[in-house]
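Contents: one structure, followed by commentary.
These numbers come from a predicted model, not from an experiment. FYI, side chains are in, hydrogens and waters are out, and symmetry mates aren't considered; it's all heavy atoms of this structure.
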Amino acid sequence: MEPRLLMACVMAALLCGVWSLDAKIMNPWPKATGRVKRDWIIPQIKVLENSKHVPEHLVQVKSDKIVQGKGLYKLEGPGIDQEPKNLFEIDEKNGVIWSKQPLDREKYQNFTLKVYALSPSGELLETPTTIEIVVVDMNDNRPAFTQKEFSGSVPELSVPGTSVMTVSATDADDPNSYHASLSYSIISQESIPDNAMKKTMFGINNSTGVIYTRDVGLEREVVKAFRLGLRVADMAGDGLTSEAVAVIHVIDINNYAPKIIPSMYHMTAVENREVAELGRVNVTDGDEPGTGNWEAKFFISNDPRGYFAIRTDAETNQGILSVVKPLDFEAQKEHKLTLRVENINPLSSKAPNFPVSTATVIIYVVNENEAPYLTENPIHIVVPENVAPGTSLKNNIAFDPENLGMSFEVTKDPENWLEINKHTGEISAKRSFNMRSPHVKNKIYTAGVKVTDADGVSSTAAVHITLVETNDFAPRLYPLAGSICKNRDQFSSGLVLTAVDEDLPPHAAPFLFEIPEEMSVNWTMAQINNTHAVLQPEVDLPQGLYTVPVLVSDHGRPTLSSFAEVNVTLCVCDFFGDCKSEAAALLGSTVGIGFIAIIIIGMSGLLVLLLLLAAGLRTTGKRRRMKKGKGLLVDDSEDDLRGNVFNYDEQGGGEEDENAFNINLLCNPNDVLMAPGNFGPMYNCPRGEQPIRRDAPHHLPAPTYPCRPPADPTNIEDFIDKGREAADKDPNVPPYDTALIYKFEGDGSVAGSLSSIASSSTDDDQDYDYLNDWGPRFQKLADMYGPR
């Protein structure tokens, strides 16, 4: 229907309604005087939007309470005194309502107004009535697509009727009217690439906008996408129109299986090598490159030991064959592989049912001269340390794959303990081993060997020889001479003996000390601990020199023993535990002596004094010739030990450094010599704790010293170095900024006191010849203190 004809019909209906309203209002009174008055009711008023006839007469209202114009009409509501204002007005005298300007249904669809009948004085004459004005829609809005360009996709080989996508449009007109009834259509179709597909492939539901396939033949390998022109029209396709575009992409499916071309390959590989790329296998696939429908994956058959692997080149889709485990020409000269190829994605059910593509690859192994193989590396050998020279230690240490001749040599042997057969490779001992060698670490001696084939290709191996400790050395007794005091009531009456064994545990301590039966009548041996024993007279023997045979045995298997003769001097000792001379012994006894004996003793004493004086002068002359820095050394003769010693070439701190030397610091508090006749001690040596020097920082923290000796003798050097390092960092031990002060170290040493300060004898009085009998370790001391 034409818009003008529709508008005319609406206007005619409105006029008819107004007239009927006017007729009812003009005769509001009932014909019968007894009839009750009804409220005035005004039907809905319809106004066509965008009307150009303004002001437009809408309706006239009348009240039977207003007679002869004595009263007025008022109108209020949206369009009058509420927003939007100034759309309607009413004639106050005759009640005619007018529209003052065109109405827009898309903005205001209806208005509800109230009409009042008032007296001239403004009093409400009757109940207000409601007027509803409805704006009638016109087709004044064009439909519009929600997007300028729609995008969708469809799998290739889709059957007709497959839904692809949905397009949509909107219309601002009344959705319940014919003006908003939309209809969709496809007005054009273009293929990408151009002219790839000319038949109509898509249709559209004109009511819902659903685009669907309408024909067969969608192949992505032929056409990649379509561009459709769309149109939408209101009034069911006869009204206003708009246009848009829909782009539909054809999605690839895995409808092509990969295929290896050609089906036979020949390759070569050198033995004993891993090869990253041995060769390539070509593959064809009609699906879209770069997708899982196109990408190939390969499988290898007939390779039970896993020598080969194959991977896919992501760009070319070729299969790259590689050697991941070195081949052996001597074991297998040729490998025949079967390759199979598939896609990453499973094959579509719409693909042709062809068999899986396979290919055969024959790999020829190329021989090369290999280095001789060592049966083990490192070579492990366990042998006793006292192995006899010439003993075979190891054989069959290598073989050559090509069966060529081999030659052997020792490349590392710091102790020159080994020899190897040049042709057979048999390793044997050249001489006995020594566990105490600096090249033996944790009982392991490390050497090296080398094997070379006829072509000069060689291999090397380390040789680890684990040495087993054996009992090779008998223990040796020390000391071989000493003295025992007869006056047992004052001094210990025994000679402490020990043993030294060059073997390591368990072939050394504990030692067993014994005296042969023929000597056990007069002498006895008491074990102190695992390494020491004390030799004592069993009966009261006269003074003199005795030779006692002693047997010492170790704890090894087998046990080794050695005899030694110990020269024991049995004598009366002085206060310091040294043997007295004959004259001193007699003087100290209660037996009377004759006049001649007194003369002899006096002459002997005079002779001794002369000898001491000569020795003192000789020593003084030597010491004065020694120089220290720019001046002479201070005369530190032992005769002046108790005098005041001043060192002028020191950088000490004030008067305290010049105090007289306190001899009490050197005293053993337990050795207080009582004067004859009980007149008190000869020296006033204090007992208990001695004074501490004020210049020694005893309050500072000391480092941790290593206390436990190492289990392995080879680590003795590290043990000593750690102790020395701790002592160097200890602030509480000398040297300080003054002279060193020595103190009494306490009781308990089985060796007795070694101090010569409290002794009245000199070095010249001592006989050090016995040091020569103590073995090579004491030879240096014998040379220093022996007779010159």
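- In this structure, the separation between CD1 on Ile465 and CD1 on Ile379 is 9.5 Å, given to the nearest 0.5 Å.
- Among residues at least two apart or in separate chains, ring pair (Phe, Tyr, Trp, His ring centres under 6.0 Å) pairs with a member in residues 376-400 are Tyr373-Phe399, His380-His464.
- Contact check on Asp313 versus Arg280 returns a salt bridge, with a Lys/Arg side-chain nitrogen under 4.0 Å from an Asp/Glu carboxylate oxygen.
- Here the closest heavy-atom approach between residue Ile397 and residue Gly425 is recorded as CD1-O, 3.7 Å.
- A salt bridge is defined here as a Lys NZ or Arg NE, NH1 or NH2 lying under 4.0 Å from an Asp or Glu carboxylate O, and Arg340 with Glu342 meets this definition.
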>> Please evaluate residues Val383 and Leu467 with respect to the criterion side chain to side chain contact (heavy atoms under 4.5 Å, CB included), reporting the C-alpha separation (whole Å), side-chain torsions for both, the decisive distance (0.1 Å), and the verdict.
In response: CA-CA 5 Å; Val383 63; Leu467 300 180; 3.9 Å; yes

> For Tyr364 and His266, what are the C-alpha separation, side-chain angles and deciding distance, and is it a side-chain hydrogen bond (donor to acceptor under 3.5 Å, both in side chains)?
Replying inline: CA-CA 8 Å; Tyr364 304 99; His266 298 271; 3.3 Å; yes

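- Side-chain atoms of Thr391 never come within 3.5 Å of backbone atoms of Ala429 as a donor-acceptor pair (strictly under, hydrogens ignored).
- Shown here are the side chain to side chain contact (heavy atoms under 4.5 Å, CB included) partners of Asn386, two or more places apart in sequence or in another chain: Pro384, Thr470, Asp472.
- If you check the side chains of Glu426 and Ser392, you find a donor sitting under 3.5 Å from an acceptor.
- Taken from OG in Ser561 to CG in Asp554, the straight-line distance is 6.5 Å, to the nearest 0.5 Å.
- For Gln527 against Ala533, the heavy-atom pair with the smallest separation is CA-CB, 4.0 Å.
- Under the rule for a side chain to side chain contact (heavy atoms under 4.5 Å, CB included), the partners of Arg305 that lie at least two apart in sequence or sit in another chain are Tyr307.
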